[in-house]
Amino acid sequence: MTASEPGRREFLAAATRAAVAASVAGPVLSACAGERRPPAAGLEPELNIYNWFDYIGPDTIAGFEQEFGVRVTYDTYESNEEMLGKLMAGATGYDLVVPTGYQLPLLRERGLVARLDRSKLTNWDNLMPLFQRTPADPGGEYGVPWQWGITGIAWRTDLLSAAPESWGAFLDGSASGRATMLDDGREVLGAMLRYRGHSLNSTDPAELAGARQDAIKAKADLLAFMTLALKGQLASGDVAMAQCWNGDARQAQRENPNIAFTLPREGSLIFNDYMVLLRDAPHPAAATAFLNYILRPDVGAAISEETGYGTPNRAAQERMRDPIPYPTPDELARLEYQRDLGAATALWDRIWTEVKAAA
Ligand code: N2P
């Protein structure tokens, strides 16, 4: 026994007493917080947000609720198509949703999106110039850039003998029965198009037929198409190799450091996701206050720290301990933004349905 041990024991006992006191005080404190202050001037008392899963900071919502006196209902989805399907069915009651850039023009065409009131977005200039005007929103009028990311291959360095450097790894049995691809037709067919040297926005029926064939071949060897459950399965080792977004790979790395992430040599996609205000939003003032709130440097930094995705916010980036670096020119040359497929959407949908149904 060393002389410091009793001291340490006392310290632990005191710490335990403090923790017990805090846990007793906790509910009392939150009961006080439950008597929420009235909404800030001109704001509705509620706000309904629909966002991707695991795509926000731990205190983003609570911080807004406390400061602005607005109660937030927060729902999540796994794909752009899931979100769009819900919006098209109508009357969702949502105020804010987070589409990927390629969906913005489509949402606008369908009259689903409201123009931002930029006079109220006083934190807008915290955004990097690169994100103030983007191909998906050239005037910076319809969406507040939320996060950016890329799709690549996450893999277990302790379970595979070599880095999967090509989308072909899903076709050559590199991780037979322990590989997954995203449950997302744009992602899977997009990767197979890149594998064959085509654009991931191809609308050429012959190119798409090739991607369909590869996707069906890959599927026979996959554990599953998987999106939401992926991080846990990568961390546990049930999945050794996965088509994955960079931020979700970083989140999984926190659970298990033997996870690496590679951008395949044939290239892949880069995305900007935007938070947009819906045209029939029931709470437009609270929604606009939320948009301005997420543009704050500390709020933006906390979102990016938690999600592992890149922040479009320069002021937030400067505050981060471990900021996600924007792709190098070399990487950018291999990255492509998705575009709306227009009339070819029906063909893509049909092919993806066939891939999902294939044995
Ligand atoms: C899910 C975030 C994914 C964003 N965690 C893909 N656009």
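Atoms within a ligand are numbered from 1 in the order they appear, just like the ligands themselves. This chain uses plain numbering: 1 for the first residue, then up along the sequence.
Taking any N or O of Lys231, backbone or side chain, none lies under 3.5 Å from an N or O belonging to ligand 1. Remark: ligand 1 and Phe53 share an N or O pair separated by less than 3.5 Å (distance only, no angle test). Ligand 1 has no N or O atom lying under 3.5 Å from any N or O atom of Gln251, backbone or side chain.
Taking the ring centroids of Tyr326 and Trp148, they lie under the 6.0 Å cut-off. Aromatic rings of Tyr77 and Tyr50 (six-membered ring for Trp) have centroids within the 6.0 Å cut-off, being under it.
No part of Asn80 comes within 4.0 Å of ligand 1, judged by heavy-atom distances. No part of Thr307 comes within 4.0 Å of ligand 1, judged by heavy-atom distances.
Protein heavy atom nearest atom 3 (C) of ligand 1, with residue, atom name and distance: Trp245 CE3, 3.5 Å.
Side chain of Glu67 to backbone of Gly63: no donor-acceptor contact under 3.5 angstrom is found. For Thr307 (side chain) and Tyr55 (main-chain N/O), no donor-acceptor pair under 3.5 Å exists by modelled atom type.
The ligand atoms of ligand 1 that sit less than 4.0 angstrom from a heavy atom of Thr100 are 7 (N). Which parts of ligand 1 touch Asp273 is read off a 4.0 Å heavy-atom cut-off, strictly below it: atoms 4 (C), 6 (C), 7 (N).
Between Asp158 and Arg156, at least one side-chain nitrogen of the basic residue sits less than 4.0 Å from a carboxylate oxygen of the acidic one, meeting the salt-bridge criterion.
Here the CG-CH2 distance, from Asn313 to Trp124, works out to 11.0 Å after rounding to the nearest 0.5 Å.
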